[in-house]
Amino acid sequence: MKYSNWKEGIFLSRPNRFIAHVECEGKTEICHVKNTGRCKELLIPGTRVILHRPGTVGRKTEYDLIGVQKGNELINMDSQAPNKIAGEWLQTLGFSLIQAEKTYGNSRFDFYLEKGNKKIFAEVKGVTLEQDGLALFPDAPTERGVKHLRELIKCREKGLEAWVIFIIQMKGVHTFSPNWETHPEFAKVLCEAKEKGLWLTALTCDVAEDSVTVRKSVPIQLP
């Protein structure tokens, strides 16, 4: 996926989860943070960040904060990006049908896929937390994430295929793991999902200031 009209700045502060103060071209900009996660390990005062100017009429803020520098690594932290990245990746896999935001029963999933006789429901999760080359999800408790996993397990029990796609919004990691310390329930249900036959994949990304694309899969660490 591509961004246009980007600029770099220096992160100053985050008064609440929705906005950040960023120094850009000699003045302080109030920017919308496109990630409601904590991101405390990323948004550190003095850190280089990437801003995107969508140009939408009537916006309260001119810029979105979409990326942050962590050491030598540029990390995309746009929570709307993973579904777009996953959608582009799925297009390369030869599916005859790809539908976004597909409803099944009382649930709505990120993607519905068909290839031959295969009918697949898939959920996408964006990952921005990294510790010494290990990518972790979630960075905060996510009851919504647990709900999605349980709904996918129900799909699998009804004979459908079910996928969970973790889009790691950086490249410099070697392994993915559920975050047992932050949300043990999510980690336990992910293990249950794997045992029930869900297909799990974790994909790193090449991240530039103006683009994000899938790079490669990495191993998923489960008990």
Side-chain angles (χ1 to χ4, degrees), residues 1 8-14 16-18 20 22 33-50 64-86 89 123-149 163-195 198-209 211-223:
M1 65 167 290
E8 64 178 57
I10 301 298
F11 176 77
L12 300 175
S13 64
R14 188 181 186 182
N16 59 54
R17 63 178 181 162
F18 300 107
V22 175
V33 180
K34 293 194 75 175
N35 191 313
T36 57
R38 294 173 181 173
C39 303
K40 289 183 178 180
E41 78 288 350
L42 298 177
L43 294 178
I44 300 169
T47 299
R48 175 179 179 257
V49 293
I50 305 301
D64 292 327
L65 195 162
I66 60 165
V68 60
Q69 194 79 34
K70 184 182 180 185
N72 296 323
E73 187 83 37
L74 184 59
I75 299 173
N76 179 275
M77 54 177 291
D78 179 355
S79 62
Q80 294 180 355
N83 279 36
K84 297 176 183 178
I85 298 164
W89 175 72
E123 275 292 314
V124 179
K125 302 297 179 189
V127 182
T128 61
L129 178 59
E130 175 269 342
Q131 295 177 358
D132 298 322
L134 175 66
L136 295 161
F137 181 89
D139 70 348
T142 171
E143 294 304 325
R144 185 169 178 265
V146 172
K147 178 176 178 288
H148 287 161
L149 291 180
W163 291 9
V164 183
I165 304 168
F166 293 98
I167 297 292
I168 303 169
Q169 294 165 259
M170 67 195 87
K171 67 179 180 181
V173 302
H174 52 71
T175 313
F176 168 83
S177 172
N179 196 338
W180 288 89
E181 181 176 350
T182 296
H183 198 177
E185 183 184 7
F186 179 88
K188 290 175 182 177
V189 178
L190 187 67
C191 292
E192 179 187 347
K194 176 68 173 177
E195 292 173 358
L198 269 70
W199 185 74
L200 314 178
T201 189
L203 304 169
T204 63
C205 292
D206 286 316
V207 179
E209 287 80 358
S211 65
V212 190
T213 55
V214 167
R215 178 180 177 86
K216 66 177 183 179
S217 63
V218 294
I220 295 177
Q221 187 179 82
L222 294 175

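Counting from 1, the numbers follow the sequence of the chain as shown. Everything numeric here is computed off the predicted structure, so don't read it as measured data.
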Is there side-chain contact between M77 and K34, with at least one heavy-atom pair below 4.5 Å?
no

According to salt bridge (charged side-chain N to carboxylate O under 4.0 Å, His left out), does anything in residues 131-140 pair up with another residue at least two apart or in another chain? List the pairs.
none

To check you understand the geometry: which heavy-atom pair defines the closest contact between C205 and I167, and what is its length?
SG-CG2, 3.7 Å

Listed by chain and number, what are the side chain to side chain contact (heavy atoms under 4.5 Å, CB included) partners of T182, not counting sequence neighbours?
P141, N179

Apply ring-ring contact (aromatic ring centres under 6.0 Å, His included) to F137 and list each qualifying residue two or more places apart in sequence or on a separate chain.
F166, F186

Report the residues that fulfil salt bridge (Lys or Arg N to Asp or Glu O under 4.0 Å) with K147, sequence neighbours left out, ordered by chain and then residue number.
E151

Once side chain to side chain donor-acceptor pair (under 3.5 Å) is applied, what residue pairs with a partner in residues 211-222 remain, sequence neighbours excluded?
D206-R215

Working note: C39 + R17, criterion side chain to side chain contact (heavy atoms under 4.5 Å, CB included); need CA distance, chi angles, decisive distance, verdict.
CA-CA 9 Å; C39 303; R17 63 178 181 162; over 6 Å; no

Qualifying side chain to side chain donor-acceptor pair (under 3.5 Å) pairs with a residue from residues 36-46, counting only residues at least two apart or across chains
none

Where L149 and V164 come nearest, the two heavy atoms and their spacing:
CD2-CG2, 3.8 Å

Applying side chain to side chain contact (heavy atoms under 4.5 Å, CB included), can you list everything that pairs with W199, at least two apart in sequence or on another chain?
W89, W163, T201

Under the salt bridge (charged side-chain N to carboxylate O under 4.0 Å, His left out) rule, what pairs show up with a residue in residues 169-185, not counting sequence neighbours?
R150-E185

Check side chain to side chain contact (heavy atoms under 4.5 Å, CB included) between L222 and all other residues, then give those that pass, not counting sequence neighbours.
P178, L190, C191, K194, L200, I220

Would a 4.5 Å heavy-atom cut-off, applied to side chains only, mark V49 and Q69 as touching?
no

For A20, side chain to side chain contact (heavy atoms under 4.5 Å, CB included) partners two or more places apart:
F11, V22, V33, L65

Non-neighbouring partners of E209 that pass salt bridge (Lys or Arg N to Asp or Glu O under 4.0 Å), sequence neighbours left out
R48

Quick check: does any side chain N or O of Q131 sit under 3.5 Å from a backbone N or O of L134, one acting as donor and the other as acceptor?
no

Is the backbone of G172 close enough, under 3.5 Å, to the side chain of E73 for a donor and an acceptor to pair up by distance?
yes

Residues at least two apart in sequence or cross-chain that pass side-chain hydrogen bond (donor to acceptor under 3.5 Å, both in side chains) with D64, listed by chain then number, are R59

